[in-house]
Amino acid sequence: MTGNSKEVESNQTDIHKDLEGLVLRYLNTEFRRPVADHTRAAFEETSKFIAQFQTPVVLDSGCGTGLSTLNLAKRFPENPIIGVDKSEVRLSKADSRVENGEPLPKNVFFARAELLDFWKLASDAQWNICFHALFYPNPWPKQSGLRYRFHGSPIFPTLVSLSPVLEMRTNWKIYADEFRFALEIVRKHQNVNAQIYEEEFVPNEPISAFEKKFKDSGHVLYKVIASLRSQ
């Protein structure tokens, strides 16, 4: 990727007026979409990989070509690092990726799966996830796209419940603002102690290919980090 990415363009200028109502509604419902067969198979294989470890899982959702997963493997060398993406093309690059002529780290596993289904399966299986990375999700920037953003989706309560530490990165401030706002709603309406903060940042070394592209293009980058603990 080169540094020629356009800024996110949207007909939305602030946090969506319907977001609070959607989050509150979904806090009282269960995500029941049928799980795709290929996702269920990928989840079973991933679970076998995780069973080899005695340490909690690090989940890299929407890992793309796997660079962020490899960087997380350096940060968490003792943990199973699971990179999940729905694109077979992107994951084919992840599977063949090497660093300095070395094979993929032994604690890295890539799964081709639908994220929403995978999250539901992980939640049902009560995976012990210590860190959940959600780097540069599709922003669906049109105002009509709110329900396609993760925080405007019925999956959001499941997403929040997966790990006590969740980090989301984006190059669109409204997405960061909405994500933080939705997390605050969960904090207020569930029995959860939470520290939630949002900040602009400039990465010294981009964690993913998208982050490098956005940085090289001069975009302002944002991260939202939530530390969520049940009381």
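Atom set for the values below is all heavy atoms of this structure, side chains included, hydrogens, waters and symmetry mates excluded. Along the sequence shown, the residues carry numbers beginning at 1. Since we're looking at a predicted model, the values are computed, not measured.
Using a 4.5 Å heavy-atom threshold, the side chains of Phe150 and Met168 count as separate. At a threshold of 4.5 Å between non-hydrogen side-chain atoms, the residues Pro105 and Leu70 count as touching. Counting only heavy atoms from C-beta outward, the side chains of Trp119 and Ser61 approach each other to under 4.5 Å. Looking only at side-chain heavy atoms (C-beta outward), Pro137 and Tyr175 come within less than 4.5 Å of each other. Residues Phe110 and Leu104 form a side-chain contact, since some pair of their non-hydrogen atoms from C-beta on lies under 4.5 Å apart. Between Trp140 and Arg147 there is no side-chain heavy-atom pair separated by less than 4.5 Å. When side chains are defined from C-beta on, Pro80 counts as touching Thr55, because their heavy atoms get closer than 4.5 Å. Considering only heavy atoms from C-beta on, Ser5 stays 4.5 Å or farther from Asp216 through its side chain.
Rounded to the nearest 0.5 Å, atoms CZ (Arg187) and CZ (Arg180) are 11.0 Å apart. The line from CG of Leu72 to CG of Asn79 is 10.5 Å long, rounded to the nearest 0.5 Å. For the atom pair OG (Ser153) and CG (Leu159), the distance works out to 9.0 Å, reported to the nearest 0.5 Å. Here Lys215 contributes atom NZ and Leu221 contributes atom CG; the two are 9.0 Å apart, rounded to the nearest 0.5 Å. Atom CG of Asp85 is separated from atom CZ of Phe118 by 11.5 Å, given to the nearest 0.5 angstrom. The structure places OG1 of Thr158 at 10.5 Å from CZ of Phe156, a figure rounded to the nearest 0.5 Å.
Leu22 and Gly152 make their closest contact through CD1-O, 3.8 Å (heavy atoms, listed as atom of the first residue, atom of the second, distance). Here the closest non-hydrogen pair linking Ile174 and Gln12 is CD1-O, 3.2 Å. Contact record, Gly64 with Leu91: O-CD2, 3.8 Å, taken as the closest heavy-atom pair. Closest of all the heavy-atom pairs between Leu162 and Ser123 is CD2-N, 3.7 Å. Shortest non-hydrogen contact noted between Ala42 and Arg112 is CB-O, 3.4 Å. Of all heavy-atom pairs between Thr69 and Cys63, the closest is OG1-CB, 3.3 Å.
Connection of Leu146 to Val8 is established within a shared hydrophobic cluster, with ILVMFWY side chains joined at heavy-atom distances below 4.5 Å, either directly or through further cluster members. In the hydrophobic cluster analysis, where Ile, Leu, Val, Met, Phe, Trp and Tyr join through side-chain heavy atoms closer than 4.5 angstrom, Leu134 is grouped together with Ile196. Phe210 and Phe201 end up in the same hydrophobic cluster when Ile, Leu, Val, Met, Phe, Trp and Tyr side chains are linked at under 4.5 Å. Residues Val220 and Ile207 do not share a hydrophobic cluster, clusters being chains of Ile/Leu/Val/Met/Phe/Trp/Tyr side chains in contact below 4.5 Å. Clustering ILVMFWY residues whenever any of their side-chain heavy atoms sit less than 4.5 angstrom apart, transitively, puts Tyr148 in a cluster other than the one holding Val160.
Counting only distance, with no hydrogens or angles, the side chain of Ser217 and the backbone of Asn4 share a donor-acceptor pair below 3.5 Å. Of the possible polar contacts, one joining the Asp117 side chain to the Ala36 backbone as a donor-acceptor pair under 3.5 Å is found. Glu178 contributes a side-chain N or O that, together with a main-chain N or O of His16, makes up a donor-acceptor pair within less than 3.5 Å. Within the 3.5 Å criterion, the main-chain N or O of Leu166 finds no donor-acceptor partner in the side chain of Ser163. Between the side chain of Thr39 and the main chain of Glu114, a donor-acceptor pair closer than 3.5 Å is present. Under a 3.5 Å cut-off, the side chain of Asn107 and the backbone N or O of Ile81 do not form any donor-acceptor pair.
Within 6.0 Å of atom CG in Asn11, more than 12 heavy atoms from other residues, nucleotides or ligands are found, so the atom counts as buried in its surroundings. Taking a 6.0 Å sphere around CD of Glu205, one finds it holds 12 or fewer heavy atoms contributed by other residues, nucleotides or ligands. Other residues, nucleotides and ligands contribute at most 12 non-hydrogen atoms within 6.0 Å of the CD atom of Gln195. Counting non-hydrogen atoms of neighbouring residues, nucleotides and ligands closer than 6.0 angstrom, the CD atom of Glu78 reaches no more than 12 such neighbours. The neighbour count for Glu199 CD, taken as heavy atoms of other residues, nucleotides or ligands under 6.0 Å away, is above 12.
By the 30° and 60° cut-offs, the orientation of the rings of Phe179 relative to His151 is perpendicular. Between Phe43 and Trp127, the ring planes are parallel. Angles under 30° get that label, and only those over 60° would be called perpendicular.
Figure legend: cation-pi geometry between Lys120 and Phe31 absent, as NZ or CZ is not positioned both under 6.0 Å from the six-membered ring centre and within 45° of its axis. In this structure, Arg169 fails the cation-pi test against Phe214, since its NZ or CZ atom is not both closer than 6.0 Å to the six-membered ring centre and inside 45 degrees of the ring normal.
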| Criterion ring pair (Phe, Tyr, Trp, His ring centres under 6.0 Å) on Phe49 and Phe109, from CA distance to verdict | CA-CA 7 Å; Phe49 176 80; Phe109 189 89; 5.0 Å; yes
| message | Would Val165 and Cys130 count as a side chain to side chain contact (heavy atoms under 4.5 Å, CB included) here? Give the steps. | response | CA-CA 6 Å; Val165 181; Cys130 64; over 6 Å; no
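Trp172 and Ser10 are not linked by any side-chain donor-acceptor pair at a separation below 3.5 angstrom, with hydrogens and angles left out of the test. Between the side chains of Tyr222 and Glu198, no donor-acceptor pair is found at a separation under 3.5 Å.
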